[in-house]
Protein chains: 2
Amino acid sequence: MTEPMPLILVVDDELPIRRFLRATLQDDYRTVEAGTGAEALSLARQYNPDAVLLDLGLPDLDGLEVVGKLRSWTQAPIVVVSARGREADKIAALDGGADDYLTKPFGAGELLARLRVALRHAARLPDAQEVFEFGDTRIDLLFRTVTRAGEPVHLTPHEYKLLVTLVQHAGKVVTHNLLLKQVWGPGASGQTHYLRVYMAQLRAKLEVDSARPRHLITEPGVGYRLRP
Amino acid sequence: MTEPMPLILVVDDELPIRRFLRATLQDDYRTVEAGTGAEALSLARQYNPDAVLLDLGLPDLDGLEVVGKLRSWTQAPIVVVSARGREADKIAALDGGADDYLTKPFGAGELLARLRVALRHAARLPDAQEVFEFGDTRIDLLFRTVTRAGEPVHLTPHEYKLLVTLVQHAGKVVTHNLLLKQVWGPGASGQTHYLRVYMAQLRAKLEVDSARPRHLITEPGVGYRLRP
DNA sequence: TGTGATCCTGACGCCTTCTTGACGACTTGC
DNA sequence: GCAAGTCGTCAAGAAGGCGTCAGGATCACA
């Protein structure tokens, strides 16, 4: 019994290039193809591919936006392929969540090698948990929903990001700086006041007794911890 | 409390390039530099860097060999930097265990962005468990928790740092000055009174009979020692 | 342009933590 | 035995971190 070939989502609006990519990949991978950003996002949801090969120049959405949307719910490696070779483009894509950036023209061999690297990285990851529970609270990373005792809880974007960061380090202490960096971006370091305000809001929404939190724990002088 | 900057091992035999890389990295990272393959391997063992920036053209060893040797014992990301731009070189390096491949000349911004990607990947890897035990006390450095007979013990930041410093030299005597430097930072040297107060607090929390400590041992005139 | 949600910011009081000092016990060298 | 230095203990005041609340700015969207 052999493993099924990994599935690659190929996103490019130009048919000839898609054909080239398909030919390059076909010996080692199964492929799904999208010609627009919207299609890419929808197919990604549908097929949950092992990796995404993404051309930045799409007719409908900005490529960076696609990267961001994908990253918000999947850790699958994203290899960007682009005619734009400007350094600023590369930096924006890589910092936006892409895992590699290839400038056209490139060789088929290099593409395959970089794809192997990306898949090698992904294989080392622990299976991403999509649902996390503590107390009567349930967080679904895939659908971006939070429920308490079955009832949906509305969280603002910042509240949600903060909670996700804590979930991703469940049980561990997460330092003030890491939380700030993850939620407010670099440059917010030192603004621990944000954390105080937002942790209070999370507690009000998720803790039975927000004055005596059982899961969203303060580690004085260090950070916060989500106790499962 | 801020996290320490990641440590990058920079390997290149040409001094001007090393200088360029050093200048590029210095705002965000600490660096260690090697000029030969042998030196690189030795320094990697010694410092266990968070990432390696490796030029393939080394005087003694083949760059690929260095990649292979590093990969045999560490998962730290390796970003190859090379004047050789041939596709076969890239493929060989990437398949040999490198995580990225930059062809000279490249921009400082792109290098930094790709390094961030590499470190981002490394950060997602499951951390090695770091647990230390003595008596009925258990210290989990990864989770930053201390338990006694299963019950969590609350330590203040200074108490915890002090304990960690002792744990890191378990069994050995740690001098007053080293403890003070690690916990209170440089400039606290000579303030041994701090140690007296905080050791007392640690003993009260962790020793069965704090008047007759069995693990947190005083070495008169020298320092303290953690007896496992 | 208006409306509502979200975010930022400041003020305040509480509480933990840190620092500092005083004092007695103990050890060491004279 | 005495003096000097080190160590442990206790406690009180200072400093800073934390939670809370609310007003106002900002943003998204219609």
Side-chain angles (χ1 to χ4, degrees), chain A residues 65 68 144 146 152-166 173-177 179-185 187-225, chain B residues 1-2 144 146 152-166 173-177 179-185 187-225:
Chain A
E65 210 173 321
R144 200 199 173 284
V146 178
V153 176
H154 173 71
L155 297 186
T156 72
H158 278 50
E159 288 165 5
Y160 182 75
K161 273 194 231 171
L162 182 58
L163 180 60
V164 167
T165 307
L166 289 168
V173 175
V174 191
T175 62
H176 294 139
N177 272 336
L179 288 169
L180 287 166
K181 208 168 69 180
Q182 294 290 316
V183 179
W184 281 266
S189 100
Q191 306 290 319
T192 55
H193 192 56
Y194 293 171
L195 295 176
R196 288 201 278 285
V197 173
Y198 277 80
M199 284 301 299
Q201 289 169 188
L202 273 185
R203 283 174 178 149
K205 292 183 179 181
L206 301 178
E207 289 280 1
V208 177
D209 178 2
S210 60
R212 246 176 301 279
R214 304 197 45 199
H215 301 286
L216 300 165
I217 311 294
T218 301
E219 296 287 343
V222 185
Y224 293 86
R225 174 211 309 274
Chain B
M1 192 179 94
T2 82
R144 200 196 177 282
V146 178
V153 177
H154 174 71
L155 298 186
T156 72
H158 279 54
E159 288 164 4
Y160 182 76
K161 276 194 229 170
L162 182 58
L163 180 61
V164 167
T165 307
L166 289 168
V173 178
V174 192
T175 63
H176 293 140
N177 271 336
L179 286 170
L180 286 166
K181 206 169 74 181
Q182 293 290 316
V183 179
W184 279 266
S189 95
Q191 307 288 318
T192 56
H193 191 52
Y194 290 169
L195 295 177
R196 287 200 277 285
V197 173
Y198 276 82
M199 284 302 297
Q201 288 169 189
L202 273 184
R203 283 173 178 149
K205 292 183 179 180
L206 302 178
E207 289 280 2
V208 176
D209 177 2
S210 59
R212 249 174 300 279
R214 303 195 45 199
H215 301 287
L216 299 164
I217 312 295
T218 302
E219 299 286 345
V222 185
Y224 293 86
R225 182 162 59 93

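Naming: A, B, ... by sequence-line order, numbering from 1 per chain.
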For residues A:Val222 and A:His176, determine if any side-chain heavy atom of one lies less than 4.5 Å from a side-chain heavy atom of the other. no
From CG of A:Leu162 across to C1' of C:dT6 the rounded distance in Å is 15 Å
Atom CZ of B:Arg225 and atom C1' of D:dC7 are separated, to the nearest Å, by 17 Å
Each nucleotide N or O in nucleotides 8-15 of chain C that has a protein N or O under 3.5 Å away: list the pair and distance.
residue: C:dC8; atom: OP2; partner: A:Trp184; partner atom: NE1; Å: 2.8
residue: C:dT9; atom: OP2; partner: A:Tyr194; partner atom: OH; Å: 2.9
residue: C:dG10; atom: N7; partner: A:His193; partner atom: NE2; Å: 3.3
residue: C:dG10; atom: O6; partner: A:His193; partner atom: NE2; Å: 3.0

- [ ] Could you tell me whether a side-chain N or O of B:Lys205 sits under 3.5 Å from a main-chain N or O of B:His154, the two making a donor and an acceptor?
- [x] yes
Have a look at A:Thr218 and say if it touches a base, only the backbone sugar-phosphate, or nothing, with a 4.0 Å heavy-atom cut-off. sugar-phosphate
- [ ] Have a look at B:Tyr224 and say if it touches a base, only the backbone sugar-phosphate, or nothing, with a 4.0 Å heavy-atom cut-off.
- [x] sugar-phosphate
Here the distance between atom P of D:dG8 and atom CD of B:Glu207, to the nearest Å, is 12 Å
Hits for ring-ring contact (aromatic ring centres under 6.0 Å, His included) against A:Tyr198, two or more places apart or cross-chain, chain-then-number order -> A:His158, A:Trp184
Residue set satisfying side chain to side chain contact (heavy atoms under 4.5 Å, CB included) with A:His215, at least two apart, ordered chain then number -> A:Phe134, A:Glu207, A:Leu226
To the nearest angstrom, the CG-P distance between B:Leu155 and C:dT16 comes to 16 Å
Closest non-hydrogen contact found for A:Gln201 with A:Glu159 is NE2-OE2, 2.8 Å
In short, the helix from C:dT1-D:dA30 to C:dC30-D:dG1 is bent end to end, axes from five pairs each side, to 10°, by 40°
When rounded to the nearest 0.5 Å, the distance separating NZ of B:Lys181 from OG1 of B:Thr175 is 8.5 Å
Testing D:dG19, C:dA5, D:dC18 for proximity to the side chain of A:His154, the answer is C:dA5
> Would you call A:Val208 and A:Arg214 a side-chain contact if the rule is heavy atoms closer than 4.5 Å?
Replying inline: no
Show me the protein contacts with nucleotides 25-30 of chain C, counting only N or O atoms at under 3.5 Å.
none

Is there a side-chain contact between B:Val173 and B:Tyr224 in this structure, where contact means two heavy atoms from C-beta onward sitting under 4.5 Å apart? no
Sequence neighbours excluded, the answer for side chain to side chain donor-acceptor pair (under 3.5 Å) partners of A:Thr218 is A:Arg203
Of A:Arg196 and B:Ser210, the one whose closest nucleotide on DNA chain D sits nearer the 5' end is B:Ser210
